[in-house]
Amino acid sequence: MIKRVRSWWNGADKQETLTISEDNIPQHVAIIMDGNGRWAKRLGLPRIAGHQNGMKAVKRATIAADELGIKYLTMYAFSTENWTRPKEEVDFLMRLPQEFLAIELDELIEKNVRIRMMGHEEHLPSHTVNALREAIRLTEHNTGLVLNFAMNYGSRREMTECVKDIALQVQSGELAVEDITPELIDKHMLTADMPDPDLLIRTSGELRLSNFMLWQLAYSELWFTDIYWPEFGKQHLLEAVAEYQRRSRRYGGLK
Ligand code: FPP
């Protein structure tokens, strides 16, 4: 079988190109954007400068994902645990979706990107929810890349809600216990109409999942990098995808 192959300059070293097969692009990439605070500290800047520059990296990752033909890009923007940060930082993070969309939405619409949100609207300030809802509404018929913001998202909370939903349906007689299957659980998750991530990226050298998509990541390939999120660019996404394509996915079976 002849594979269509495309070479990309990796941006760091002109001698080196990355070979990416167009036949094996991950459909869904999920990213834990970590290291904003450490990036800022290294430069002697306040933590919020890290988040501000992290927002620019969201744009770079989105454009690069779209160019590569990735269909779903899920970004962990705010976790259910992030509320414990100082109020000033939380307030700043809550303003970022609004700011990002004010700057980028027109271009994203032009690129046929569809905005989604995965998480719990409760406790989010109305300006955050309204900005996201408006972007979701304006892009709902777009058929290109799905840019899915995990906002006030926590996997354990998602699974708890899922268990409660199913328990209520069993209690009311709508479902029998025997009807509970992995496929049924999938349908009750916030990702019900999305494929599971093929590839998870985490920046900043931390090697953990931090309550992110624990159900959906069961068979995802994991890629970790030491760079801090505000430094993330197209070349890093290409490196991650090139590595993904070198992996052999066996889903517990043999190949
Ligand atoms: C973790 O880094 C990062 C976050 C909690 C926030 C991530 C948010 C963004 C990158 C911007 C989101 C943009 C939009 C448009 C929603 P950290 O601050 O915990 O880093 P540290 O571990 O170095 O302190």
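Only a predicted model underlies this, so the values are computations on that prediction, with no experimental measurement involved. Just so you know, ligand 1 is whichever comes first in the structure, and atom 1 is the first atom listed for that ligand.
Nearest non-hydrogen protein atom to atom 24 (O) of ligand 1 is Arg47 NH1, 2.9 Å. Remark: minimum distance from atom 5 (C) of ligand 1 to any protein heavy atom is reached at Asn82 OD1, 3.6 Å. Remark: minimum distance from atom 11 (C) of ligand 1 to any protein heavy atom is reached at Leu96 CD1, 3.7 Å. Scanning all protein heavy atoms for the shortest distance to atom 10 (C) of ligand 1 gives Asn36 ND2, 3.2 Å. Considering only non-hydrogen protein atoms, atom 3 (C) of ligand 1 sits nearest to Met33 O, 3.1 Å.
Between the side chain of Thr128 and the backbone N or O of Met94, at least one donor-acceptor pair lies under 3.5 Å. A donor-acceptor distance shorter than 3.5 angstrom exists from the side chain of Asn82 to the backbone of Ser79, with no hydrogens or angles considered. Judged by distance alone, the side chain of Asn148 and the main-chain N or O of Leu73 form no donor-acceptor pair under 3.5 Å. Side chain of Asn53 to main chain of Ala49: a donor-acceptor pair is present (N/O by atom type, distance under 3.5 Å, no hydrogens or angles).
Atoms CG and NE2, on Asp91 and His127 in that order, are 7.0 Å from each other to the nearest 0.5 Å. Note that the CD1 atom of Ile166 and the CD atom of Glu174 stand 11.5 Å from one another [nearest 0.5 Å]. To the nearest 0.5 angstrom, Thr74 atom OG1 is 9.0 Å from Arg116 atom CZ. Atom CG of Asp198 sits about 10.5 Å away from atom CG of Leu217, to the nearest 0.5 Å. Separating the CZ atom in Arg137 from the CG atom in Asn130 is a distance of 11.5 Å, to the nearest 0.5 Å.
For Trp229, every heavy-atom contact with ligand 1 shorter than 4.0 Å involves the side chain, none the backbone. Only the side chain of Arg85 comes within 4.0 Å of ligand 1, counting heavy atoms alone; its backbone N, CA, C and O stay farther away. Neither the backbone nor the side chain of Lys41 has any atom closer than 4.0 Å to an atom of ligand 1 (non-hydrogen atoms only).
Ligand 1 has no nitrogen or oxygen under 3.5 angstrom from a nitrogen or oxygen of Val58. Considering both main-chain and side-chain atoms, Arg38 comes within under 3.5 Å of ligand 1 through a nitrogen or oxygen pair.
Counting heavy atoms only, Ala77 comes closest to atom 6 (C) of ligand 1 of the residues Ala77, Pro230, Ser79. Which of Trp39, Phe149, Tyr76 comes nearest to atom 14 (C) of ligand 1 through a heavy atom is settled by distance: it is Phe149.
Taking a 4.0 Å cut-off on heavy atoms, Gly50 fails to register as neighbouring ligand 1. In this structure, Met151 falls outside the shell of residues with a heavy atom less than 4.0 angstrom from ligand 1.
The distance from ligand 1 to the heavy atoms of Leu93 drops below 4.0 Å at these ligand atoms: 6 (C). Counting the atoms of ligand 1 from 1 in the order shown, those under 4.0 Å from a heavy atom of Phe100 are 15 (C). Counting the atoms of ligand 1 from 1 in the order shown, those under 4.0 Å from a heavy atom of Asp34 are 1 (C), 2 (O), 17 (P), 19 (O), 20 (O), 22 (O).
You'll find the side chain of Ile32 stays beyond 4.5 Å of the side chain of Glu206, heavy atoms only.
Side-chain atoms of Tyr72 and Gln27 include no donor-acceptor pair closer than 3.5 Å.
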